Structure formats: structure tokens, C-alpha cells
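Working notes for the structure below.
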Amino acid sequence: MQIEKAFLRVDGLSKSYKLDAPPVFEDINFEIDRGEFVCIIGHSGCGKTTILNVLAGLEDASGGYAYMLDREIKGPSLDRGVVFQGHALMPWMTVLQNVAFAVKSKHPDWNKFQIEEHSKKYLAMVGLVNAENKKPSELSGGMKQRVGIARAFAIEPKMLLLDEPFGALDALTRGVIQDELLKICSETKQTVFMITHDVDEAILLSDKIMLMSNGPNARIAEIVINTLPKDRKRANLHHDPMYYPMRNHLVDFLVNRSKDLQAKGSAGMLDGYKPILVCPGLQTPVTQ
Ligand SMILES: Nc1ncnc2c1ncn2[C@@H]1O[C@H](COP(=O)(O)OP(=O)(O)OP(=O)(O)O)[C@@H](O)[C@H]1O
């Protein structure tokens, strides 16, 4: 039997923006398997967006490597779709044109009909068939974010990178789009790396939650395995007996434990540090 290597692998990643200042983060090591949905949580400034930008190929690390399918990530690629918090749509194009533009980049040999059919399929997935001729200025924040998601999915990337995609949305719209994302990801078995500040969002969507200690000298402190059954629904998630142990573990990290590693890291006491693997709510501790 052939064992597949890690789909995405990050080895000893570090980033310094200034020579005379400590690194924002250092010695970041993790793997993401094909089809996994991984969330990353940590306080503001610990470097989550920087890590995502390195994975997207939009930024260089100061040290270490990131590999996708054993090839080092060295620049942007249509293999990786990115959704930013600010939807980054082209304002002069319609909804359909925004998605079609990305599809054409991926499939330059397709004709107009093929491109539009493909784009419309993904607009339908996010419930936007009736808005295809509208310009971004005519859309609500939630609709714009859906266009961004449709555009990222339409290029059928091997990996989807989401930087707080629902951060600016009201709770109701956020819930609806989370449900859509959950449905699309379970249908397409999409591999996802997502930044969020919302622990409930992470519990709803993820297979694994990476917890980052505070910066500078931030690390991945813990990797939390999400043991809640996969057919999750926002409406009844909190009835699952694993929900509160999981939620309390994450909140407790953010309130208390997130600062623990910072002092040790700045004192150079964490060489070769490996994140702890935890399964909140389970009796048996998990070892790496
Ligand atoms: N281009 C840049 N030049 C200089 N410093 C930067 C640059 N980009 C980010 N930083 C700094 O690096 C640190 C990490 O920033 P980053 O945006 O990656 O953090 P984050 O964890 O995503 O924060 P947030 O949760 O607030 O979005 C911050 O202190 C930020 O000021």
C-alpha cells in the first residue's frame, strides 16, 4: 500500500519584518492532509495572515519552507485559491465577469460558453444565480463575500486559503454562508486552511484547529483534533457532548495559555519545539 505524503507541509517557517526586532513567528511546523479543513486561531499580530500569504506564495518567509505536494511554494499559483476578508472584487466587472475572469485564467483554451457555464455553476452553489449581472457596488457585504468564495472554488484549486472570510459579516449572514461553505466542502472534499477569530466557526467547520501563541516569537502551540461528528449543523452543534469541552479548551487557550510560550520562545528555550496534539473531551491523551 502506498502511503500518501503530506498534502501540505510547513517546515521551520519563520518571519522577520525588521532585522533588529524578534521574528513575528518562528519554528512553525505543521502538515495538512488532502481533504482536511484546518483552522488557525491566535491573537491579533501573531502572524496568521503572514503564514497564509506564504502558503499562497504572495510573501517570502525569512526562514524555513512550505511545500504543496512535495513542491516548494515559491509564488502564486492557480492551484491555490485565496479568499480575503475584503472580498477584492473588480468593481467595474459584473458578478459573472468577476468569476469568469478567474476561470479564463485557469482555462485559457475554453470558449466563452464553457467559461460562463462553469462560472454559473459556482455562482449557483453560493446562491447567486439572480445576481450574475450586478456590479459589486450593488451587492451586500454577504453577497460580495459569496462572489469571492464562488471565484475561489471556480478555479477548482487544490488548496483553498481563507483569511477571515466572514469577519465583516453580521451573525445571520455569516451563519448562512458558513452552512454553504460546509456543504460545498463536504461535497468537493476541498482542502482548506482558514484563519478565524471565532471559536464556534472553527468548531463547526474544521477537522483540526491550530492554536498560535502570542507574537513576537509566536509558535503553533497546540493542534486540536476536532472530535465532533462530521455531519455538523449550526443549530444543534451545542447539544453535542464534545462541544463544551472543545469550546472551553479553545477559549481557555486564548485567555490564558496563549501567552505561555512567548516568554520561553524569546528566551531561546524552545529549540525543536513541537506543538502538543490534543483531543479535548476524550479520556485518552493523544501523543504525536
Ligand atoms: N508588510 C509588513 N511590514 C511590516 N510589518 C508587518 C507587515 N505585515 C505584517 N506585519 C507585522 O507582522 C505581525 C503579524 O501580522 P499578521 O497580519 O500576519 O498577523 P495576524 O495574526 O494575521 O493579525 P490579525 O489577526 O490582526 O489579522 C504584526 O505585528 C504586523 O504589524
Side-chain angles (χ1 to χ4, degrees), residues 8 10-30 32 37-66 73-76 80-88 141 144-145 148-149 152 159-169 171 174 177-178 181 192-206 208-224 250-266 270 273 275:
L8 184 118
V10 168
D11 268 352
L13 213 64
S14 68
K15 180 72 183 184
S16 299
Y17 284 104
K18 289 187 198 135
L19 281 177
D20 55 349
V24 176
F25 56 78
E26 60 188 339
D27 212 6
I28 299 288
N29 300 288
F30 63 86
I32 297 180
F37 197 124
V38 174
C39 283
I40 185 162
I41 296 185
H43 282 286
S44 184
C46 67
K48 303 176 295 295
T49 296
T50 305
I51 294 177
L52 182 137
N53 285 340
V54 172
L55 299 184
L58 298 171
E59 194 156 344
D60 291 330
S62 311
Y65 305 92
I73 296 172
K74 284 197 162 151
R80 292 179 295 277
V82 190
V83 180
F84 299 103
Q85 184 168 2
H87 28 80
K144 285 182 206 165
Q145 211 50 321
I149 292 170
M159 172 108 201
L160 196 61
L161 302 164
L162 308 176
D163 191 350
E164 277 194 82
F166 315 132
L169 304 179
R174 187 186 183 110
I177 308 188
Q178 281 170 346
L181 184 66
V192 184
F193 176 87
M194 172 169 168
I195 298 174
T196 178
H197 280 111
D198 178 342
V199 293
D200 290 313
E201 180 167 271
I203 299 172
L204 177 70
L205 298 172
S206 72
K208 260 177 6 197
I209 303 164
M210 299 197 294
L211 298 177
M212 273 187 94
S213 59
N214 295 355
N217 304 97
R219 314 258 174 162
I220 304 281
E222 299 182 13
I223 297 178
V224 177
L250 301 178
V251 172
D252 194 50
F253 175 84
L254 291 172
V255 176
N256 298 311
R257 299 191 308 281
S258 56
K259 359 185 203 322
D260 289 354
L261 285 182
Q262 193 187 27
K264 289 185 190 158
S266 14
L270 289 177
Y273 178 82

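Note that the structure is a prediction, hence the values are computed from the model and not measured. Both counts, for ligands and for their atoms, begin at 1 and track the order of listing. Along the sequence shown, the residues carry numbers beginning at 1.
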* Asked: Nearest protein heavy atom to atom 10 (N) of ligand 1, by residue and atom, and its distance?
  -> Y17 CE1, 3.3 Å
* To do: Do me a favour and list the nearest non-hydrogen protein atom to atom 27 (O) of ligand 1 with residue, atom name and distance?
  => T49 OG1, 3.9 Å
* Structure fact -> Taken to the nearest 0.5 Å, the spacing of L52 CG from F84 CZ works out to 7.0 Å
* Is a salt bridge present between R174 and E201, judged by a nitrogen-to-oxygen distance below 4.0 Å? -> yes
* If you measure from atom 26 (O) of ligand 1 to every heavy atom of S44, G215, G167, A218, which option wins on shortest distance? -> S44
* Asked: For C46 and ligand 1, does the shortest N/O to N/O distance drop below 3.5 Å?
  -> yes
* Less than 3.5 Å between some nitrogen or oxygen of E164 and one of ligand 1, yes or no? -> no
* Backbone or side-chain N or O of G47 under 3.5 Å from ligand 1 N or O -> yes
* **Cationic N near anionic O, under 4.0 Å, K15 to E26** => no
* Take atom OH in Y17; do more than 12 heavy atoms of anything else shown fall under 6.0 Å from it? -> yes
* Asked: So, for atom 31 (O) of ligand 1, does the protein have a heavy atom nearer than 4.0 Å?
  -> no
* Asked: Only one of D163, V10, I51, L160 clears side-chain contact (heavy atoms from CB on, under 4.5 Å) with F193; which?
  -> I51
* Structure fact -> To the nearest 0.5 Å, atom CD1 of I195 lies from atom CD1 of I41 at 11.0 Å
* To do: Among all protein heavy atoms, pick out the one at the shortest distance from atom 29 (O) of ligand 1; state its residue, atom name and that distance to 0.1 Å.
  => G45 O, 4.1 Å
* To do: For atom 13 (C) of ligand 1, decide whether some protein heavy-atom distance is shorter than 4.0 Å.
  => yes
* Asked: Rounded to the nearest 0.5 Å, how far apart are CG of L13 and CG of D27?
  -> 10.0 Å
